[in-house]
Structures are given as C-alpha cells and as structure tokens.
2 protein chains.
Amino acid sequence: MSHLRYSCLMALDRDQVLRSAAALLTRKSTATMDEVAKAAGISRATLHRHFAGRDALVRALETLGIAECEAALDTARLDDGPAGEAVHRLVRALEPSGGLLAFLYTENQLFEGEEQNQGWARIDERLVGLFRRGQESGEFRIDLTPVWLAEALYGLLVSGAWAVSDGRVAGKDFTYMIVELLLGGARRAGA
Amino acid sequence: MSHLRYSCLMALDRDQVLRSAAALLTRKSTATMDEVAKAAGISRATLHRHFAGRDALVRALETLGIAECEAALDTARLDDGPAGEAVHRLVRALEPSGGLLAFLYTENQLFEGEEQNQGWARIDERLVGLFRRGQESGEFRIDLTPVWLAEALYGLLVSGAWAVSDGRVAGKDFTYMIVELLLGGARRAGA
DNA sequence: CGCAAGTGAGACATCTTTGTCTCACTTTGG
DNA sequence: CCAAAGTGAGACAAAGATGTCTCACTTGCG
C-alpha cells in the first residue's frame, strides 16, 4: 500500500508550497503562478499538480489563514481572565500570521458581492464575542461597537504587518504596538 | 481662442471622470478600463483620451488623493490647540476621502520596490509631526512611536471605510469610531 | 536492473486586458 | 449651413497569465 505514503508525502509538500506561496503573496499580492512556483522552488507544472489553478491556491491560502486564526483563538483562551489580557494573548498568537492575514483581508475586499467563506464568519463571531464580553464586564467602553473593535483589530494587524515588512517599525514591537493602541489609545492615561 | 475653453472643459470632464473612477475603484480595485469607462458614462476610447492608460489613471488618482490629503491637513490646522482635537478635525476632514485612501493605501503596497510618490512622504511628515507634537506637549503617550501612530491612523481609515461600505458599521459613526479608538482605545477610562 | 511515479522544461491554445486605430455620428461655433 | 472637434462603437494586434499537454529526466523501490 504505497497509497498512504503517497498522499502523506503530497500533503507535506503541499503544505510547504502553501507556506512559501503565503510568504510571497504577503509581499506581492499580484504575484504570478510562475513566480509562486519559482519561489517555492518547483516548476509551474508541479504547482499546478498541487493546486488546480490560481483560485484554488488562493482558496487554500484562505483555508490556511482561517485555520491559523482558529488556532490562535484557541491558544489565546478568549474566555479566560480579563478581556484585555485575552486580546493581548490573541494578538501575540496572531503575530506569525500577520502577513497572511493582511493578504487575505485585502483580497477578501475584492469579493464584494460573493458570500465570504463561512470560516471568517465564525472567527468574526468569536472576536466580536470577546469584545462584547469585555464590555459586559465593564472593562471596555460601550460606545464603540464590538463589530467595530473587531474590524479595527483587523486594520491594525494589516497596518502593523505592512509597517514591519517595510521596515517602518521594528518587528519586535508588533504585538505591543497593536495591543496598546487598540486597548489604551494614543492619549496619555492622565491627560 | 477656443483653446482656453477647450482645456477648461476638458479639465472639468477629466475631474468628473476621475471622481467616478475613484468611486468605482474604491469598491472594486481590480476594475478594468472598460468598467471604469462605463461607470463614468463614457466610452473606453474617450477614457483613453483623458488618461493615456491604466497607469496614468492610477497615478492621477494618486495625485487626487494626495491633494485631498493635503487639503484635509490644511483644513484641520494641525498646529492649533490640543493635538487630540487636531486629530479629530483631521479625521473629519479626511472622511470623504476614506474610500479613495483605502484604495491608494492598498495599491501602494504593491509598489514594494519602487520609490513612492514624493507627496506621500510629505503627508507622512506632517502626520508624524502632529503626533510628535502631541507627545512633546504631554498629551500623547511616548511609548508608541509617531510613525506607528500615523500608520495606525491609515489602517483605521481603511478598516473604517471598508466597514462602512460593507454596511457593517453606520457611516455617521465613521469619524467618531476612528478618533475615539485611536486616541482613547477600547479600554474604559476608569478600568 | 527495470519499472513506475514524480518532476522540470517547454510548447501550445485560450482568455483577458490593454493600447491603438478607424469610421460614422453628434455637437458646437462661426 | 458648414466645418471642426469630440464622441461612441467596434475592429485589431500585442502582451500577459492561465490551463493543458507532451516529453525527457531523475528518483526510489522491488
């Protein structure tokens, strides 16, 4: 039964290709299939054997991004302790996926009419739930809707990922900057 | 001398086409020249008479966006009064340009290698100067760099513009949400 | 060794977008 | 009324990306 080994090996290769494609498309979202293949160190023909086409590749990246988000949401234990600390844990867990999420967030904006992947709705739900919990516990202000807070978190993740990749801010500050701005804002506490 | 009238009429038409293109590309950043032309109510041939090509159109949109930003920066009188209020005036002045800025911000991310338009550098400078002023006056915290605060403002503008255009948040809350989150954060003042 | 599977290189047709051009029609101003 | 300018519709080739296919080569395993 070489079939099992076959599919196993394929899965590994496929994942490596996917990671490499994510890394490239994060920097250049319009990269060609040929560029993606070269970046992965394989030929365009082999790339095509893994992913039926560009759409399939992007959809696979979306699935990967959703999986990483779900994993980060689990890791961050959103229901434990103060909501602010949960946000901190979440951003820290999301940091490695920042570039991929930036790509998918802007890419998703193109699918104006089409229904978005069910996975994002589920993630939105959990994120909104976290902010709502913070409001109900009196930790977060209630004049900013949970939906907006979730949206703002996405925006800050994108800004942060791009600013880091462009060298405008240091990568080590990624989590701190996002969490501090999202939770505390720019105004000095005493001011 | 019909030449003067000619150029004058052209300028008006050109500006209308530009606005319409901005409105369309804001929603669908990959729209083709044909779609842009149809959206403007003109033929593709005429569109080409106004803008040599897609690059020229995008560059013209960039120039428009820069001009609107500069105008907003002037209107907001960044050097007057508390920096926090200046930020509020700025976001309010920027609100009508939110969609266009979102388009240009994400579009600019594609020009990774190339040098960006000098105009953006000047705008960044003024924006960073505003946040620096707020820090020096003791109004803003100093553990978040002015560069990051400026970047975060861009990100929140993009998130806000998309959230409004997708109907996830109400358009009338645009300025309030962005300013309050940017300056005050999600955490309740007393918490 | 010999075979089967996977891969790389490249040819090829196709599709989309773009840029250019022509031609007929409409509008405008003298 | 007439001529000039602008416009719309469409044809056309060129360029870029994609998807498909073939063929030779390597690799791994019996």
Side-chain angles (χ1 to χ4, degrees), chain A residues 1-22 24-62 103 106-107 109-114, chain B residues 1-22 24-62 103 106-107 109-114:
Chain A
M1 293 291 279
S2 70
H3 176 61
L4 286 178
R5 301 199 58 177
Y6 166 80
S7 58
C8 178
L9 285 173
M10 278 304 92
L12 278 180
D13 278 354
R14 192 185 137 106
D15 196 68
Q16 288 172 350
V17 171
L18 208 50
R19 303 260 164 206
S20 142
L24 174 60
L25 290 173
T26 284
R27 296 192 308 273
K28 188 184 176 188
S29 59
T30 58
T32 296
M33 290 293 276
D34 202 63
E35 294 174 294
V36 172
K38 276 185 172 39
I42 60 177
S43 72
R44 199 162 64 94
T46 302
L47 176 60
H48 220 276
R49 285 177 191 119
H50 287 310
F51 305 98
R54 193 177 214 286
D55 286 354
L57 175 61
V58 172
R59 260 182 287 126
L61 280 172
E62 191 172 32
F103 165 70
T106 54
E107 192 80 1
Q109 198 56 20
L110 302 180
F111 306 157
E112 41 167 353
E114 315 175 34
Chain B
M1 294 294 281
S2 71
H3 177 59
L4 287 178
R5 302 199 57 175
Y6 166 79
S7 58
C8 178
L9 284 174
M10 279 302 92
L12 278 179
D13 278 356
R14 193 185 136 106
D15 197 68
Q16 288 172 349
V17 171
L18 209 50
R19 303 260 163 206
S20 142
L24 174 60
L25 289 172
T26 283
R27 295 193 308 273
K28 188 182 176 188
S29 60
T30 58
T32 70
M33 292 293 276
D34 201 62
E35 292 174 297
V36 171
K38 277 187 171 40
I42 61 177
S43 72
R44 199 161 65 93
T46 304
L47 178 59
H48 258 274
R49 287 178 190 116
H50 288 310
F51 306 98
R54 194 175 215 286
D55 286 354
L57 175 62
V58 172
R59 261 181 287 127
L61 280 172
E62 191 172 33
F103 165 71
T106 53
E107 191 80 359
Q109 197 57 19
L110 301 180
F111 306 157
E112 39 165 355
E114 314 174 32

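Here is how names work: the chains are called A, B, and so on, in the same order as the sequence lines, proteins then strands, and each is numbered from 1.
Here the side chains of Arg27(B) and Leu25(B) are not in contact, with every heavy-atom distance at 4.5 Å or above. Looking only at side-chain heavy atoms (C-beta outward), Arg44(B) and Lys38(B) stay at 4.5 Å or farther from each other. Within the 4.5 Å cutoff, no side-chain heavy atoms of His50(A) are placed close to those of Leu57(A).
Checked against dG19(D), dG8(C), dT18(D), the side chain of Thr46(A) finds its nearest nucleotide in dG8(C). Minimum atom distance to the side chain of Ala45(A) is reached by dG8(C), of the listed dG8(D), dT18(C), dG8(C). In the set dG8(C), dT18(C), dT7(C), the nucleotide with an atom closest to the side chain of Ile42(A) is dG8(C). In the set dG19(D), dG19(C), dA9(C), dG19(D) carries the atom at the smallest distance from any side-chain atom of Met33(A).
Atom NZ in Lys38(A) sits roughly 13 Å away from atom P in dT18(D) (whole-Å rounding). The CG atom of Asp34(B) sits 15 Å away from the C1' atom of dC15(C) (whole-angstrom rounding). Asp55(A) has its CG atom 13 Å from the P atom of dT16(C), to the nearest Å. Distance, Leu47(B) CG to dG8(D) P: 10 Å, rounded to whole Å. The separation between Lys28(A) atom NZ and dG16(D) atom C1' is 12 Å, rounded to whole Å. Distance, His48(A) NE2 to dA17(D) P: 15 Å, rounded to whole Å. The CZ-C1' distance, from Arg54(A) to dG16(D), rounds to 13 Å in whole Å. In this entry the distance linking NE2 of His50(B) with P of dG8(D) reads 8 Å, nearest Å.
Distances shown here put a side-chain N or O of Thr32(A) below 4.0 Å from the OP1 or OP2 atom of dA17(D).
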Worked check of side chain to side chain contact (heavy atoms under 4.5 Å, CB included) between Thr106(B) and Ser29(B) | CA-CA 9 Å; Thr106(B) 53; Ser29(B) 60; 5.5 Å; no
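Contact of Arg44(B) with dG10(D) (side chain to base): no donor-acceptor pair of N or O atoms is detected under 3.5 Å.
Along DNA chain D, the nucleotide nearest Arg49(A) and the nucleotide nearest Ala31(A) are compared for position; the residue whose nucleotide lies closer to the 5' end is Ala31(A).
Under a 4.0 Å N-O distance rule, the pair Arg59(A)/Asp55(A) does not qualify as a salt bridge.
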